[in-house]
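Worksheet for the structure shown next.
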Amino acid sequence: MTQAKVIVGLGSCGVAAGAKKVYDKIAALQVAEKLDFELKKTSCIGMCYREPLVEIIDESGSYLYGDIDENKAVELINQHISQHNPIKDYVVHTDLFETVDNSYTDDQVKIALRNCGYIDPESIDEYEERNGYRAIKKIAGSAMSRLDVIQSMLESGLRGRGGGGFPTGLKWKFANNNKADEKYIICNADEGDPGAFMDRSVLEGDPHSVVEGMIIGAYAIEATGGVIYCRAEYPLAIKRLEIAIKQARERGYLGKNILGIQGFNFDMYIKEGAGAFVCGEETALIASVEGQRGMPRKRPPFPAASGLWKKPTNINNVETYANIPWIIINGAKEYAKYGTEKSKGTKVFALAGKIKRSGLVEVPMGMSIRDVIFKLGGGIQNDKRFKAVQMGGPSGGCIPEHLADIPIDYDSVNSTGAIMGSGGMVVMDETTCMIDVAKFFLDFTQKESCGKCTFCRVGTKRMLEILTRITEGEGQEGDIEMLEDLSYQIKESSLCGLGQTAPNPVLTTLKYFRDEYEAHIIDKKCPAKVCKPLLTYTVDPEKCTGCTVCAKNCPSNCIDGARKEVHFINQEACIQCGACYSKCKFDAILVN
Amino acid sequence: MRIARIRKETTVTEQVPIDLSLMDPLIEKYKGKKGNMIPLLQGTQELYGYIPREAFHKLADGTGLKLSDMYGVATFYAQFRLNPVGKHIIKICHGTACHVQNANELSEALEEALKIKDGETTEDGLFTLESVACLGCCSLAPVMMIGDNTSGKLTGPQAVKIVKNIRIAENN
Ligand SMILES: Cc1cc2nc3c(=O)[nH]c(=O)nc-3n(C[C@H](O)[C@H](O)[C@H](O)COP(=O)(O)O)c2cc1C
Ligand code: SF4
Ligand code: FES
């Protein structure tokens, strides 16, 4: 009989949901009861909505258990390990029988995420067992030239996954063309889009794939040094990258004459970001690595000609690098089989917001937004109405429900006014106010603007002021036109991508949800009931028990009523703070 | 703009003496290296929880970096603090996912319970409240992080309870 394996998912999301406690519990139980199984760690498999996840593999197959707390963990070990009796009710995924969540994985194709959730990210052996470092060995062994590697990238059709969607092969070609004694390759792990977390998952779950991707890139462009620029908010990712780099060095994948390729000397280090969204922009990132304020500069010269320390530099995103070893091993044609004509391969999406199954999915390009949200994501929480999905973060926009059937590829998403961005999808339902969302993003870009360009610096501030005014019931006629005018000017007169795209959240909501803006400005109503100053609070006489809690909590003392009698809110004095609404235990406060 | 984030330097009445010699190994390590400014500031903040005025001067003397350059960098990046912080930093995520899942409720509940505003520190020096953008656990929104502990799917009262438990543990 083979030894059973018990694998606990210890990504950031798992740990936040309590997976470390589950792991410790199982470890203690194993020692206490002298149980015979192998206890292992892995990272996020993408089913974040079911964390903590525990996988048990025995001779009959693999069972992935979800929502496991310490008590359930004990139950699992007792039943499944000791008595060989799997607990079917807790299984969220298996190939052995149907489960409610099988549809989450059915349509996925895992290339960038091929190892996430399957290997222990701190073990180079486990990475190697799953074809790890075989791509760079293939290059060394078959004498694939630098140009062969670049050609392979061009044929695969891989486009940058960091947002811009620029063909990776072309970028490498430019960097390769510029000859210099020193060249650099940088991995952009700044993941600035709030609401996207795929880069974190890849770094935590499969750091070696990024390291190997960078080594291949370094070979192709003849880079001498590498930098991974990672957000400081991702401590676990940084730790695991450090381990991976050290292990790669020990095995000779980094260093001098790597794998016997004469003259291929390359090493890398991690640079922690210091919290500035604009540092995701290439030239700002370079300034930040050099230790300066992360402010973008004019291009040209492009980094491929003059980048870090004024040397030719190539920058790619985490997910881009993670795809590269797979493409080298399986061939460009195999990769190009997936996707659409102009957007090849697969893309990882981070599903979040008002969606039932939030987590990471990797699907071939060209799947429709609706399929991703409903087939994979399971639809909207509490079966509310799907209103819109935000793609591309602060540079993107809200795609409304009636456009949900468009295929996800770079060009189709751009045609809606949003952008693919890094792949964050924040789903919104009828209780999300679109003006509030637009305001949220403008608040973000306004704070993150580096301040170099007047239109980006002052324009976003003016837009934010107008949006704030609208959500506070002070909207005026002409505000919409003013927003449009400012948007146009900011887009035209900004130096970098931050300013050029900052108005997108406003423009898309204006395009698709203009009536909501008008409701705020003209009728002074917030249809989604989010903007508090626009709401009226009244007491439902049927439900009010006269408990006096609301009156006691009202900061402006505008609620009257004796004990055990129906209360009454004096609208003149009400400041719409919502305290009564949140304090009432009987749902007797109505909001309109 | 980023300048809006610079908080006024608070004058601490009971000045706790700062042991500047702690910085010596740090300066030794990075002195003369190119691109050393951010690691030096990060290292200093690691030591004291913020970057004290005296530390800037010490860095300038020890490495030759210009005070104005350092101040420029320290005020550009959200990570750097020029004021002392509480023992525990409560980070409330206000990323997109957390925003649509009502992260405001957490902030409001904590502001009320701790009687401080975003960016401020409680009088007893135990807690500092900070809003951050995305902690990378969006699927568990709304998310709060205290030290290395992240918790998700919180309501206002739950967040307050976690903080209260820390306070109880501290007072014992
Ligand atoms: C304001 C701004 C923020 C950006 N943030 C990121 C980011 O967080 N991560 C990222 O990979 N790319 C980001 N980018 C895109 C990068 O500048 C760059 O295009 C990308 O890293 C290139 O890699 P790729 O070709 O593999 O996509 C950002 C761009 C701008 C203008
Ligand atoms: S567009 Fe905005 S962020 Fe970009 S360089 Fe100009 S001011 Fe800075
Ligand atoms: S938006 Fe809060 S963790 Fe990502």
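Just so you know, these numbers come straight off a predicted model, no measurement behind them. Note on naming: letters A, B, ... go to the chains in the order of the sequence lines (proteins, then strands), and numbering restarts at 1 for each one.
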- Message: Between B:Thr96 and A:Gln390, do the side chains contain a donor N or O and an acceptor N or O under 3.5 Å apart?
- Response: no

- Quick one: do the B:Tyr77 and A:Ser288 side chains pair a donor with an acceptor below 3.5 Å? yes

Considering only heavy atoms and a distance below 4.5 Å, find which of [options] pairs most often with chain A.
options                              : value
B:Gln79, B:Met37, B:Glu108           : B:Gln79
B:Met145, B:Met70, B:Gln42, B:Glu105 : B:Gln42
B:Leu140, B:Asn102, B:Leu41          : B:Leu140
B:Ile38, B:Val143, B:Asp69           : B:Ile38
B:Gly156, B:Ser139, B:Gly95          : B:Ser139
B:Ala74, B:Cys98, B:Gly35            : B:Gly35

Side chain from CB out, backbone as N, CA, C, O: work out which of these in [X] comes under 4.5 Å of a heavy atom of chain B, or both, or neither.
X        : value
A:Ser12  : both
A:Gln381 : side chain
A:Lys20  : neither
A:Ala237 : neither
A:Tyr234 : side chain
A:Cys44  : neither
A:Val289 : backbone

Find the one option among [options] whose heavy-atom pairs under 4.5 Å with chain B are most numerous.
options                                : value
A:Gly294, A:Gly359, A:Pro235, A:Cys13  : A:Gly294
A:Ser358, A:Gly192, A:Ala274           : A:Ala274
A:Glu233, A:Arg357, A:Met428, A:Gln292 : A:Gln292
A:Asp436, A:Val437, A:Leu351           : A:Asp436

- Side chain from CB out, backbone as N, CA, C, O: work out which of these in B:Lys91 comes under 4.5 Å of a heavy atom of chain A, or both, or neither.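 Neither part, no heavy atoms under 4.5 Å.
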
- Indicate yes or no for a side-chain donor-acceptor contact from B:Gln101 to the backbone of B:Ala141 under 3.5 Å, with no hydrogens or angles considered. no

If I take atom [atom1] from residue [X] and atom [atom2] from residue [Y], how far apart are they, to the nearest 0.5 angstrom?
X        : Y        : atom1 : atom2 : answer
A:Glu281 : A:Cys450 : CD    : SG    : 9.0 Å
B:Leu129 : B:Ile90  : CG    : CD1   : 5.5 Å
B:Leu135 : B:His94  : CG    : NE2   : 10.5 Å
B:Lys153 : B:Gln158 : NZ    : CD    : 11.5 Å
A:Phe349 : A:Ser422 : CZ    : OG    : 10.0 Å

- Message: Looking at every non-hydrogen atom in both residues, tell me the closest pair between A:Arg293 and B:Val73 and how far apart they are.
- Response: N-CG2, 3.8 Å

- SB check B:Lys31 B:Asp24 (cutoff 4.0 Å): no

- Show your reasoning for whether side-chain contact (heavy atoms from CB on, under 4.5 Å) applies to A:Val426 and B:His99. CA-CA 10 Å; A:Val426 181; B:His99 181 78; over 6 Å; no

